[in-house]
Protein chains: 2
Amino acid sequence: MATAPEGTGRQRDPERTRAEILDEATSEFADRGFAGARVDEIAARTRTTKRMLYYYFGSKQGLYLAVLERAYVGIRALERDLEVAHLNPAKAVRAVAELTFDHHEAHPDFIRLVAIENIHHAEHLRTSPVLSGLAGPAVDVLDGILARGREAGLFRDDADALDVHMMISAFCVFRLSNRHTFAAIFGRDLLEPVRREHYRRMVGDLVVEYLTAHVGHS
Amino acid sequence: MATAPEGTGRQRDPERTRAEILDEATSEFADRGFAGARVDEIAARTRTTKRMLYYYFGSKQGLYLAVLERAYVGIRALERDLEVAHLNPAKAVRAVAELTFDHHEAHPDFIRLVAIENIHHAEHLRTSPVLSGLAGPAVDVLDGILARGREAGLFRDDADALDVHMMISAFCVFRLSNRHTFAAIFGRDLLEPVRREHYRRMVGDLVVEYLTAHVGHS
DNA sequence: CTTGTTATGTACCGTATGGTTAGTTGTACC
DNA sequence: GGTACAACTAACCATACGGTACATAACAAG
């Protein structure tokens, strides 16, 4: 039986080596894109050599895919565990919006990887079995909230869960992914801490006001 | 005096050569990113050779910058010429939102270049004299509309022109820039023609409902 | 202690790629 | 029709880069 490899006692530790490679690869890919990332550079930043990188992941593309998969799994777990049944529909969508807002802000590398993957027409994402069928949680939660809101006569009925998810993502993603060109042109850093609460309230307001607009009127 | 180089009569035509290089470079850079783009590939797609590319633009980076500058100039001209003085504030913001929506949809390459530039932390954009001070038109127009809306007691006063511009851009940019990962995960193509009008109305509603929310109430 | 296997390090390779050197030809002007 | 310059071509170069061949050392099991 294998004694669990813990701490720093071992000289050989595949788990740790793998994780270390993934960590450095994540930051290199997020920083320079797929083509711009350098395999030698990733290897140099770990305690191992380039050889190990190919030993575990086969190719640059294989490593990139592994990085992408690990990054995507995180956010879905969060969404799945969000508990909103006890909130009224308006507060519930706001909670979803703020969860997205907080997660994206806390994981800029994830956002960058998504941007990079889009430049490549999501060709890696599309062919990864791990990443197919990730849609579940986020959409289901929103679907439930919208249904409740419509039944109560609070929400408009011409927007579905995917539309709302898209609205929220658009706002939260843009704030990170377009931060640099926005700052360069308009001179405002969208991530400045002083403005954080303002924008956090803004996503919530945005989606709630949109959903409750004119319901009951004309 | 130079007889204006027109038509196809000439064997040598610097203007045409330059433009042709820029066209092909735009699509190559937009398609593969800066590092992924191949200088040889760009040259092969033009009627000239790689040497000309260096003759006119000096380096791969110089060419990329020229591409970026040309792409950015277009949209600002549009915004500057938008006439909204005769519209009431709500209709005016909606017009701005729809102009952005239409432009982005018509120029996917521009959106892709912006995404790529953001991956590079906007380092090229920041150092380009041509691209500094491009903020003007879009913000001024929105600023005027918001002022009118607030004076008339129609609009809330806790969002400025940049905030609104950001909201609109976020929505319109996301629809294009994140099209592929969104489709891969959720199975919905945000650019499907059937949904076009739905989304176009959605940006307008979004920003108008947000701005007019609760004004005059509680 | 031996042995098979997994993990790891060193040194190297072929080629794709950005960039250049050197020379050639069309065009305007006199 | 000669001349000077801008526009253009072809062949070449150095090296950065993804990837590999080969050797070896740590570990678990008997």
Side-chain angles (χ1 to χ4, degrees), chain A residues 1-26 28-29 31-68 116 120 123-124, chain B residues 1-26 28-29 31-68 116 120 123-124:
Chain A
M1 282 298 132
T3 51
E6 295 165 18
T8 57
R10 304 170 59 90
Q11 298 183 28
R12 297 188 159 192
D13 189 338
E15 305 262 337
R16 193 195 55 187
T17 303
R18 259 186 82 101
E20 201 175 328
I21 293 174
L22 276 177
D23 287 343
E24 299 304 330
T26 297
E28 173 79 1
F29 280 124
D31 224 57
R32 319 217 187 195
F34 178 75
R38 296 291 159 242
V39 173
D40 284 303
E41 177 63 25
I42 295 170
R45 286 185 346 210
T46 66
R47 260 171 300 179
T48 56
T49 63
K50 181 164 61 159
R51 179 68 186 77
M52 294 313 295
L53 209 147
Y54 284 92
Y55 181 69
Y56 284 117
F57 302 100
S59 66
K60 184 184 187 182
Q61 180 155 325
L63 177 57
Y64 171 76
L65 189 57
V67 163
L68 198 64
I116 289 162
H120 294 282
E123 60 186 18
H124 309 97
Chain B
M1 286 297 131
T3 51
E6 292 165 20
T8 57
R10 305 168 58 89
Q11 297 183 28
R12 297 185 162 195
D13 189 337
E15 305 261 337
R16 192 194 56 187
T17 303
R18 258 188 83 100
E20 200 175 329
I21 293 174
L22 275 177
D23 287 343
E24 300 303 330
T26 297
E28 173 78 0
F29 279 124
D31 225 56
R32 318 217 189 198
F34 177 74
R38 296 292 158 241
V39 174
D40 285 301
E41 177 62 26
I42 296 171
R45 285 180 354 205
T46 67
R47 261 172 300 181
T48 57
T49 63
K50 181 164 59 158
R51 181 67 187 80
M52 292 315 293
L53 211 146
Y54 284 91
Y55 182 69
Y56 284 117
F57 302 100
S59 66
K60 185 185 186 180
Q61 179 154 324
L63 177 56
Y64 171 76
L65 189 58
V67 163
L68 199 64
I116 290 162
H120 295 281
E123 59 186 20
H124 309 97

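A note on names: the letters A, B, ... follow the listed sequences, proteins ahead of strands, and every chain is numbered from 1.
Among the protein residues, A/Thr49 comes within range of the nucleic acid bases, having at least one heavy atom under 4.0 Å from a base atom.
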Where do N or O atoms of nucleotides 5-7 of chain C meet protein N or O atoms at under 3.5 Å, pair by pair?
unit_1, atom_1, unit_2, atom_2, d
C/dT6, O2, A/Arg12, NH1, 3.0
C/dA7, OP2, A/Tyr55, OH, 3.3
C/dA7, N3, A/Arg12, NH1, 3.4
C/dA7, N3, A/Arg12, NH2, 3.0

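Shortest non-hydrogen contact noted between A/Leu22 and A/Thr26 is O-OG1, 2.7 Å.
The main-chain N or O of B/Glu28 is never found under 3.5 Å from a side-chain atom of B/Glu41 such that the two would form a donor-acceptor pair. At distances below 3.5 Å, at least one donor-acceptor pair connects side-chain atoms of B/Glu20 with backbone N or O atoms of B/Arg47. In terms of modelled atom types and a separation under 3.5 Å, the side chain of A/Lys60 and the main chain of A/Ala37 share a donor-acceptor contact. Checked by atom type and distance alone, the side chain of B/Arg51 never pairs as donor or acceptor with a backbone atom of B/Thr48 at under 3.5 Å.
Within the 4.5 Å cutoff, the side chain of A/Leu63 has heavy atoms near those of the A/Phe29 side chain. Residues B/Tyr56 and B/Pro14 meet the side-chain proximity criterion, which asks for heavy atoms closer than 4.5 Å. Using a 4.5 Å cut-off on side-chain heavy atoms (C-beta onward), B/Ile116 and B/Tyr64 make contact.
Ring orientation note: the planes of A/Phe34 and A/His124 are tilted relative to one another, at an angle of 30° to 60°.
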>> For nucleotides 12-22 of chain C, give me one character per nucleotide, 5' to 3': B if any protein heavy atom sits under 4.0 Å from the base, S if the only such contacts are to the sugar-phosphate, - if neither.
In response: -----SBBBBB

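Rounded to 10 degrees, the angle separating the terminal helix axes of the helix from C/dC1-D/dG30 to C/dC30-D/dG1, each built from five base pairs, is 20°.
The line from OG1 of A/Thr17 to OH of A/Tyr55 is 10.5 Å long, rounded to the nearest 0.5 Å.
A/Leu53 has its CG atom 10 Å from the P atom of D/dG19, to the nearest Å. The interatomic distance linking A/Tyr64 (OH) with D/dG18 (C1') rounds to 17 Å, in whole Å. In this structure, the CZ atom of B/Phe57 is 12 Å from the P atom of D/dA7, given to the nearest Å.
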